[in-house]
Each structure stands twice: as structure tokens, then as C-alpha cells.
Amino acid sequence: MGFLNFTDLVLFLGVSQGLFLSISLRLIHNRNKPANKILSFLLLIAVLMLFGRITAYRIPEIWVWRFGVLVDTTIFLFGPLLYSYARRLVFNEKPVFQLSWWHYIPAALHLCYYFWALHFSVEEFNEIYFSGKLNLMFFIVEAAGLISFIWYWTKTFQLVKRYSNKEEMELSFHQSVLPYLWFFLATLGLFITLWAISFLSTHFLLGPIKYINYVTMWISTPLFIYGIGYFSLRQPHIFRIPFEPKSKSENDRLKPEEIQKLQRRLHYYIEEEKIYLNADLSLKTLADKLNTSSNNLSWLLNQVYQASFYEYINNHRIHAFLKKIDNNEHQNHTLLAMAMDVGFNSKSTFNRVFKSELGTTPKEYLKNPNVA
């Protein structure tokens with residue numbers, strides 16, 4: 001066996017990094033654990049994809065050829081697992097979310113094709129392959145894999161959009177996970193678009209594209225999963241929102257006396273306890289304090305106060321901040337320190353809410369308080 005060349009080195013680094021990330025994610029305790037279990041499994045699949053796809057063209061041994069055909073099955077696992085990862089990452093469900101068995105039927109069918117191919121020798125399979133008898137099968141496999149990716153990308157997009165809407169209804173702060181998920185979807189969407197262009201060009205238009213094809217997609221996808229793995233190692237614990245079926249808002253959900261009673265308790269915790277100073281305040285936390293359900297509190301805020309939970313809590317934080325300005329506390333403290341004191345957990349959230357409430361920035365407001 002000769003010296004390792006550049007491709008061998010890339011392969012070795014890719015496989016070793018994938019194994020490292022998979023093991024590391026399993027060792028992280030109490031930090032997005034349900035999602036990391038899925039991601040760890042995805043990384044192992046990515047390692048198999050990278051190893052199987054490259055070695056299938058470099059090592060002539062029969063076992064490598066057999067292994068390469070088996071690894072193709074993983075293309076039908078990525079879509080369901082990526083959707084499961086995103087859903088476990090941002091939504092809190094008990095029992096832990098699991099996709100139904102039918103989502104894995106395409107992978108099972110491809111596995112049946114693999115077992116069918118096993119009864120051929122390499123010579124027999126090559127004869128069938130080069131005669132073109134398997135072209136239809138290859139077309140169906142790639143088309144099904146592409147459709148699977150598009151389907152689960154769409155489902156994940158809808159999931160993230162739903163989380164984006166619910167975050168404002170359930171939390172008084174924004175989490176860094178949302179920009180990450182949009183970037184995650186945009187990058188994956190780019191891969192799928194390039195793959196679709198390659199597929200259409202190869203089978204219906206101009207012919208194969210040299211650098212954009214099925215093989216490059218196989219190599220790019222594991223690298224994309226590695227990027228997710230590295231991000232997850234640094235990702236702090238995420239406050240996961242309960243996943244509840246969509247329901248129509250009922251105008252008479254609470255009786256007038258129940259509304260008044262809930263308003264009095266809410267007023268106490270806002271004005272006396274100043275619960276909005278808690279930077280991690282969530283709808284559920286406040287609802288528990290009020291001895292009511294999250295749905296009741298959300299209904300009260302939407303129907304009576306005409307505001308989401310995010311808007312309602314941050315409105316009180318802005319007013320608390322303005323009181324500090326009136327007391328000249330900005331002479332001795334930075335604006336960010338004062339924002340943190342009233343419950344904001346980031347500069348970007350504070351600036352966004354301030355501009356939304358007053359139509360100007362905090363610095364501009366200090367220069368001319370009357371402009372707001």
C-alpha cells in the first residue's frame with residue numbers, strides 16, 4: 001500500500017471528524033438531548049456516506065462494492081431524520097417525537113433492491129450495469145431521493161415557520177436557534193436546487209454537469225451535517241416550546257368574571273412582582289404563577305390586550321427602561337446594562353423592541369426624548 005494522497009487524507013479527516021462529533025454530542029448532558037440523539041445518528045450515516053461513496057471508486061475489493069450499494073439506502077433516511085432533528089430541537093413533546101414507520105418505507109424498498117443485487121457476482125452485475133438494464137432503476141432511485149429531500153425540506157420549513165410564530169406567543173425573548181434554522185434551511189435548499197438542476201440536465205436537457213451531480217451531492221450532504229454538528233456542540237440549552245395542535249380561537253373562552261379575576265392576578269405579578277424582569281420568562285412560567293393554562297393566558301393577551309406574549313412583556317420592559325432614563329440612571333450605567341436590568345437578554349432584541357415601540361433608537365431617544 002502506497003503513501004496517502006490528498007483524497008485519502010480528506011477521506012480520513014472527514015470520517016474521523018464525523019466520528020468525533022457523533023461521540024461528542026452523545027456525551028453532552030442536559031443540552032438539547034432529544035435532538036442531539038438524532039443528530040448523532042445522522043453523523044454516523046454521514047460518515048458511512050462519505051466513506052462508501054469515495055471508496056467505492058478507489059478500492060476494487062468485492063466487499064467495498066457491496067458496501068457502496070448498501071450505503072445508497074441512507075439517502076432516504078436523511079429527510080425524515082433532519083425533520084425529526086428540527087422538531088425535537090425546538091418543540092417539547094412527551095413522549096419524545098418519533099416519525100411513523102411509513103416514513104421509512106422508501107429506505108426499506110431500497111434495502112430490498114440491495115439484497116436483490118447481492119445474489120449477483122461483480123462480473124454479472126457489471127454486465128447488467130453496462131448493458132443499460134439498470135438505468136431505469138438508477139433514475140427511479142435518484143428521483144425518489146430528490147423528491148424525498150424536497151418533501152421533508154418543505155415539512156421542515158413549515159415547522160420552523162410555525163415555531164417562529166409560536167416563539168412570539170410563548171416567549172418574551174428571541175433565541176439564536178431561529179436564525180440558525182433559517183440558515184440551515186437555506187443551505188439545504190441550495191443543495192437541493194443544485195441537485196434538481198443536475199438531475200433535470202442529466203436526464204432531460206443538456207446531459208451531465210461536470211461539477212454538479214449526484215456524487216458531489218453525496219459528498220456535500222455529509223459536510224453539511226458536519227457543520228450542523230459543530231454548531232450543536234456550541235449551542236446553549238434551548239427553551240423548547242410545547243407542540244400543540246392548531247385550534248380556533250374562541251371569543252367566549254373565558255367568562256367575564258374569569259377574565260377580571262385573571263386580569264387582577266396578572267396586574268399583581270406585573271406591577272408588584274415585576275415578573276417581566278426575569279429574562280427567561282415564558283408564557284408557561286407566567287401561566288403557572290397565575291394558576292391558569294397557557295392557552296387561557298394567551299387568549300387573554302390576544303383578545304383583551306390585543307398583544308402577543310412577546311409584545312406584552314417587552315412593552316413593560318421598555319417602560320421600566322424609560323423610567324430609568326427619567327431617573328438619570330444612564331449617567332452612571334450603559335444603555336445595555338440598563339436594558340439587561342429590565343429583563344432583556346440581548347442588545348439586538350432590546351434595540352428591535354425599542355424601535356418598534358418608540359419609532360427611534362435608544363441613542364436617538366436620549367438626544368431628543370420628545371421625538372418619540
Next on the checklist: How about NE2 on H333, more than 12 heavy atoms from neighbouring residues, nucleotides or ligands closer than 6.0 Å, or not?
Outcome noted: no

Checklist entry - Closest heavy-atom contact between T360 and E364? => result OG1-OE1, 2.7 Å

Checklist entry - Which value, rounded to the nearest 0.5 Å, describes the distance between T285 atom OG1 and L290 atom CG? => result 11.0 Å

Item to check | More than 12 heavy atoms from other groups under 6.0 Å of NZ on K261 | outcome: no

Checklist entry - Which class fits the ring pair F199 and F204: parallel under 30°, tilted 30 to 60°, perpendicular over 60°? => result perpendicular

Checklist entry - Any side-chain heavy-atom pair from R87 and Y163 closer than 4.5 angstrom? => result no

Next on the checklist: Please verify the inter-ring angle class for Y152 with Y83; under 30° counts as parallel, over 60° as perpendicular, anything in between as tilted.
Outcome noted: tilted

Next on the checklist: Looking only at the aromatic ring of each residue, does the gap between the centers of F350 and F321 stay below 6.0 angstrom?
Outcome noted: yes

Next on the checklist: Is it the case that over 12 heavy atoms from other parts of the model lie below 6.0 angstrom from the CZ atom of F97?
Outcome noted: yes

Checklist entry - Any link between V141 and W116 through a network of hydrophobic side chains (Ile, Leu, Val, Met, Phe, Trp, Tyr) touching at under 4.5 Å? => result yes

Next on the checklist: Quick check on E127: does its CD atom have over 12 non-hydrogen neighbours (other residues, nucleotides or ligands) under 6.0 Å away?
Outcome noted: no

Item to check | F149 vs I75 side-chain heavy atoms within contact, under 4.5 Å | outcome: yes

Next on the checklist: Check for me, please, whether V304 and Y276 land in the same ILVMFWY cluster - side-chain distances under 4.5 Å, paths through other members count.
Outcome noted: yes

Item to check | Within-4.5 Å side-chain heavy-atom neighbours: F76 and L109 | outcome: no

Checklist entry - For the residue pair W153 and F157, is the inter-centroid distance of their aromatic rings smaller than 6.0 Å? => result yes

Checklist entry - So, do L322 and L358 sit near enough that their side-chain heavy atoms are less than 4.5 Å apart? => result yes

Checklist entry - Below 4.5 Å, heavy atoms only, C-beta onward: do L266 and L301 meet side chain to side chain? => result yes

Checklist entry - Would you say W182 has more than 12 foreign heavy atoms packed within less than 6.0 Å of its CH2? => result yes

Next on the checklist: If you compare all heavy atoms of S172 against all heavy atoms of I313, which two are closest, and at what distance to 0.1 Å?
Outcome noted: CB-CG2, 3.6 Å

Checklist entry - So, the side chain of T292 versus the backbone of L297: is there a donor-acceptor pair under 3.5 Å, distance only? => result no

Checklist entry - Is any side-chain heavy atom of Y104 closer than 4.5 Å to a side-chain heavy atom of P80? => result yes

Checklist entry - What about the rings of F354 and Y365, do their centers lie closer together than 6.0 Å? => result yes

Checklist entry - Which value, rounded to the nearest 0.5 Å, describes the distance between L286 atom CG and Y269 atom OH? => result 9.0 Å

Checklist entry - Between the main-chain N or O of F183 and the side-chain N or O of T187, is there a donor-acceptor pair closer than 3.5 Å? => result yes

Checklist entry - What orientation do H319 and H316 show, parallel under 30°, tilted 30 to 60°, or perpendicular over 60°? => result tilted

Item to check | Cluster link I147 to L77, ILVMFWY, side chain under 4.5 Å | outcome: no

Checklist entry - What are the two closest heavy atoms between H330 and M338, and how far apart are they? => result CA-SD, 3.5 Å

Item to check | S40 side-chain N/O to K37 backbone N/O, donor-acceptor pair under 3.5 Å | outcome: no

Checklist entry - Okay, side chain of S298, backbone of S294: is any donor-acceptor separation there less than 3.5 Å? => result no

Item to check | Separation between CG of L188 and CZ of F191, rounded to the nearest 0.5 Å | outcome: 7.5 Å

Item to check | Distance-only donor-acceptor check, side chains R317 and N314, under 3.5 Å | outcome: yes

Next on the checklist: Do L335 and K363 make a side-chain contact, defined as non-hydrogen atoms from C-beta onward lying under 4.5 Å apart?
Outcome noted: yes

Checklist outcome for this item: Note: L178 and S164 closest approach over all heavy atoms is CD2-OG, 3.8 Å

Checklist entry - In terms of hydrophobic clusters joined by side-chain contacts under 4.5 Å, are L366 and L336 together? => result no

Item to check | Joint cluster assignment, L44 & L99, ILVMFWY side-chain distance < 4.5 Å | outcome: yes

Item to check | Minimum heavy-atom distance P34-V96, with the two atoms named | outcome: CB-CG1, 4.2 Å

Checklist entry - Does S201 reach the main-chain N or O of I197 with its side chain, forming a donor-acceptor pair under 3.5 Å? => result no

Next on the checklist: Tell me if the NZ atom of K323 is crowded by more than 12 foreign heavy atoms within 6.0 Å.
Outcome noted: no

Next on the checklist: Measuring only between side-chain heavy atoms, which start at C-beta, is V342 closer than 4.5 Å to I318?
Outcome noted: no

Item to check | L281 CG to L171 CG distance, which is reported to the nearest 0.5 Å | outcome: 9.0 Å

Checklist outcome for this item: Shortest non-hydrogen pair, Y310 vs T349, comes out as OH-CG2, 3.5 Å

Checklist entry - Are the side chain of S356 and the backbone N or O of R352 linked by a donor-acceptor pair below 3.5 Å? => result no

Next on the checklist: Check the orientation of Y113 and H110. Use parallel for under 30°, tilted for 30 to 60°, and perpendicular for over 60°.
Outcome noted: perpendicular

Item to check | Intermediate values then yes/no, side chain to side chain contact (heavy atoms under 4.5 Å, CB included), E170 and F309 | outcome: CA-CA 6 Å; E170 300 272 350; F309 177 73; 5.8 Å; no

Checklist outcome for this item: OG (S346) and CD (Q175) are apart, to the nearest 0.5 Å, by 11.0 Å

Item to check | Atom pair CD1/NZ of I150 and K155 - distance to nearest 0.5 Å | outcome: 15.0 Å

Checklist entry - Ignoring hydrogens and geometry, is there a side-chain-to-backbone donor-acceptor pair from T193 to G189 under 3.5 Å? => result yes

Checklist entry - For Q260 and R264, what are the C-alpha separation, side-chain angles and deciding distance, and is it a side chain to side chain contact (heavy atoms under 4.5 Å, CB included)? => result CA-CA 6 Å; Q260 293 175 6; R264 286 195 296 269; 3.9 Å; yes

